[in-house]
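As structure tokens, the structure follows; a few thoughts come after it.
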Amino acid sequence: MMLANEAATSALGSALALVLRPGDVIALSGPLGSGKTTLARALLHALGEPGEVPSPSFAIVQPYDDLDPPVWHADLYRLDHPSELTELGLDEILGDGALIVEWPERAPGVWPEALILSLEPLDGTARRLTATVPPPWEGRWPLPPVRR
């Protein structure tokens with residue numbers, strides 16, 4: 001799928017919010033500046049987050065407990081080893097909430113049922129989106145076409 005610009009990336013995040021369920025994991029992969037946080041911000045705003053949605057690069061995990069479903073947004077870029085995940089308690093949210101994970105390649109195999117969205121920058125602001133769709137997402141993905 002092609003995302004023509006930042007607005008299309010945001011539209012995808014908004015569309016994902018419509019199908020997000022408790023227990024879901026969305027893994028966002030791609031190089032720095034590929035639109036991972038833009039997509040996550042749009043999803044969180046579409047779920048009703050009224051305030052600023054900072055990148056969790058330094059906090060590593062940013063909880064949004066007041067959303068329905070509650071969402072934790074994690075950025076694993078600064079993790080040195082997958083064993084550090086235990087300290088973050090990310091699995092605690094999955095019973096009642098959802099998890100958005102940037103840089104999931106820092107924790108390979110941890111979320112085998114995650115919807116993996118890989119973003120690849122192209123010319124200008126365009127992005128190529130590749131999705132790996134696990135069984136829990138069948139019937140919810142692909143989303144309706146993203147236009148903007």
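Numbers here simply count residues along the sequence, with the first being 1.
Rounded to the nearest 0.5 angstrom, L90 CG and W72 CH2 are separated by 6.5 Å. Summarising the geometry, atom NZ belonging to K36 is positioned 11.5 Å from atom CZ belonging to R41; distances are rounded to the nearest 0.5 Å.
Shown here for E138 and V133, the closest heavy-atom pair between the two residues is N-CG1, 4.3 Å. Taking all atoms of both residues into account, the shortest heavy-atom contact from S29 to E105 is OG-OE1, 2.8 Å. In terms of heavy-atom proximity, E113 sits nearest to P135 at OE1-CD, 4.0 Å. R21 and A98 make their closest contact through O-CB, 3.9 Å (heavy atoms, listed as atom of the first residue, atom of the second, distance). Closest non-hydrogen pair, A40 versus L28, comes out as CB-CD1, 4.2 Å. Minimum heavy-atom separation, R78 to I60: NH2-CD1, 4.2 Å.
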Does the pair V19 and W141 meet the rule for a side-chain contact (heavy atoms from CB on, under 4.5 Å), with working shown? CA-CA 9 Å; V19 299; W141 187 274; over 6 Å; no

Would L117 and T130 count as a side-chain contact (heavy atoms from CB on, under 4.5 Å) here? Give the steps. CA-CA 6 Å; L117 302 178; T130 305; over 6 Å; no

Applying side-chain contact (heavy atoms from CB on, under 4.5 Å) to L99 and I26, what does each step give before you reach the verdict? CA-CA 6 Å; L99 179 62; I26 299 174; over 6 Å; no

Give the intermediate values and the outcome of side-chain contact (heavy atoms from CB on, under 4.5 Å) for residues L44 and H73. CA-CA 9 Å; L44 291 163; H73 181 193; 4.1 Å; yes

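Side-chain atoms of E87 never come within 3.5 Å of backbone atoms of E84 as a donor-acceptor pair (strictly under, hydrogens ignored). Distance alone, capped at 3.5 Å, places no donor-acceptor pair between the R128 side chain and the M2 backbone.
W137 and I116 are assigned to two separate hydrophobic clusters, defined by single-linkage of ILVMFWY side chains at heavy-atom distances under 4.5 Å. Note: the hydrophobic cluster containing F58 does not contain Y64 (ILVMFWY, side chain heavy atoms under 4.5 Å, direct or indirect links).
For the pair R106 and Y77, the cation-pi test (distance below 6.0 Å, angle within 45°) is passed.
Contact annotation: the side chain of E6 never approaches that of T125 to less than 4.5 Å [non-hydrogen atoms, C-beta and beyond]. Using a 4.5 Å heavy-atom threshold, the side chains of L3 and L119 count as touching. Looking only at side-chain heavy atoms (C-beta outward), L115 and L16 come within less than 4.5 Å of each other. Using a 4.5 Å heavy-atom cutoff, the side chains of L47 and D68 are not in contact. In this structure, P112 and P134 have side chains that are not in contact, with every pair of non-hydrogen atoms separated by 4.5 Å or more. Using a 4.5 Å heavy-atom cutoff, the side chains of L88 and L79 are in contact. Counting only heavy atoms from C-beta outward, the side chains of L43 and L12 never approach each other to under 4.5 Å. Looking only at side-chain heavy atoms (C-beta outward), V101 and V110 stay at 4.5 Å or farther from each other.
Within the structure, the side-chain hydrogen bond (donor to acceptor under 3.5 Å, both in side chains) test picks out the following pairs touching residues 47-57 (sequence neighbours left out): S55-S57, S57-D75.
Partners of A42 according to the side chain to side chain contact (heavy atoms under 4.5 Å, CB included) rule, which considers only residues two or more places apart in sequence or in another chain, are S10, S14. A search for ring pair (Phe, Tyr, Trp, His ring centres under 6.0 Å) contacts involving W111 returns nothing, not counting sequence neighbours.
No hydrogens or angles considered: nothing links the side chains of E120 and S34 as a donor-acceptor pair under 3.5 Å.
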